[in-house]
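By convention in this document, chain letters (A, B, ...) are assigned in the order of the sequence lines, proteins followed by strands, and residues within each chain are numbered from 1.
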Amino acid sequence: GAGVSQSPRYKVAKRGQDVALRCDPISGHVSLFWYQQALGQGPEFLTYFQNEAQLDKSGLPSDRFFAERPEGSVSTLKIQRTQQEDSAVYLCASSLNQANQPQHFGDGTRLSIL
Amino acid sequence: AQKVTQAQTEISVVEKEDVTLDCVYETRDTTYYLFWYKQPPSGELVFLIRRNSFDEQNEISGRYSWNFQKSTSSFNFTITASQVVDSAVYFCALSEALGYSTLTFGKGTMLLVSP
């Protein structure tokens, strides 16, 4: 498809487990963003990539959160030793470049930590 | 610091009614961008509009219109003759003109349109 693809769509994990969430951006999009959306809230910024470079990770809530985009295309958000407060929808967005072009979002991964 | 406030948590209307979703923002930047996104139950955020801070002209796209008032830091969104398919959560967002264009979102307004 032509849109941003995220997998899995749903993820259930036990507290303490590690999880990995995948984002496949629109082909050719330089910028990639991860957002966290808690229930009933707006998305909150986690981290930003320009190609393979992670230029901003100021929104990552703790050092248990790690993101990478090694070849400047697919990105993975990893959460280690998950905790219940990590339960949220994780949204990935991509845009053509960083000059305020509209961000195109995927359907998100709904993460539930038991 | 940037902030977006959507004071209306939920709005319920009957089909064909007009409805306005409010958005008030705070920023110290003189140049910035404002956005509206729609989030249907499927979860995907759908881009609706982007405006830059220098362009205060109101915009109309079909049944949608936007009123940008810099003097009151507001960027309101009106749906004319609402339809059931308009039911969704609507987010207003702000980004600075420079930097990485990270979006700062409001908490969203849930719009329920009943037949």
Going only through I, L, V, M, F, W and Y residues with side-chain contacts under 4.5 Å, is there a path from B/Tyr33 to B/Leu45? yes
Should B/Val89 and B/Val4 be regarded as members of a common hydrophobic cluster, given that ILVMFWY residues are connected when their side-chain heavy atoms come within less than 4.5 Å of each other, either directly or indirectly? no
Quick one: CD on A/Gln37 to NZ on B/Lys107, what's the gap to the nearest 0.5 Å? 12.5 Å
For chain A, find which of B/Cys92, B/Ala93, B/Ser42, B/Gly108 contributes the most heavy-atom pairs closer than 4.5 angstrom. B/Ser42
When the 4.5 angstrom heavy-atom criterion is applied to A/Arg9 and chain B, the contacting part is side chain
Is it the case that atom CD in A/Glu44 sees more than 12 heavy atoms from other parts of the structure closer than 6.0 Å? no
For B/Gln57, does the CD atom sit with more than 12 other heavy atoms under 6.0 Å from it, leaving out its own atoms? no
Quick one: what part of B/Gln39 sits under 4.5 Å from any heavy atom of chain A, side chain, backbone, both or neither? side chain
Taking atom OH of A/Tyr48 and atom CG of B/Leu103, what is their separation to the nearest 0.5 Å? 12.0 Å
Looking at every non-hydrogen atom in both residues, tell me the closest pair between A/Leu91 and B/Gly43 and how far apart they are. CD2-O, 4.3 Å
Tell me whether A/Ile79 is reachable from A/Phe49 by hopping between hydrophobic residues (I, L, V, M, F, W, Y) whose side-chain heavy atoms are closer than 4.5 Å. yes
Between A/Tyr35 and B/Phe105, does a side chain to side chain contact (heavy atoms under 4.5 Å, CB included) hold up when you go through it step by step? CA-CA 10 Å; A/Tyr35 293 84; B/Phe105 285 88; 3.9 Å; yes
Worked verdict on B/Phe47 versus A/Gln101 for side chain to side chain contact (heavy atoms under 4.5 Å, CB included): CA-CA 11 Å; B/Phe47 166 76; A/Gln101 293 297 311; over 6 Å; no
Is there a path of hydrophobic side-chain contacts, each under 4.5 Å between heavy atoms of I/L/V/M/F/W/Y residues, joining B/Val13 to B/Trp36? yes
Would you say B/Leu21 ends up clustered with B/Val113 if hydrophobic residues are merged whenever their side chains have heavy atoms under 4.5 Å apart, either directly or through other cluster members? yes
To check you understand the geometry: which heavy-atom pair defines the closest contact between A/Gln103 and B/Thr102, and what is its length? NE2-CA, 4.5 Å
Between A/Pro43 and B/Phe91, what is the shortest heavy-atom contact and its length? CD-CE2, 4.0 Å
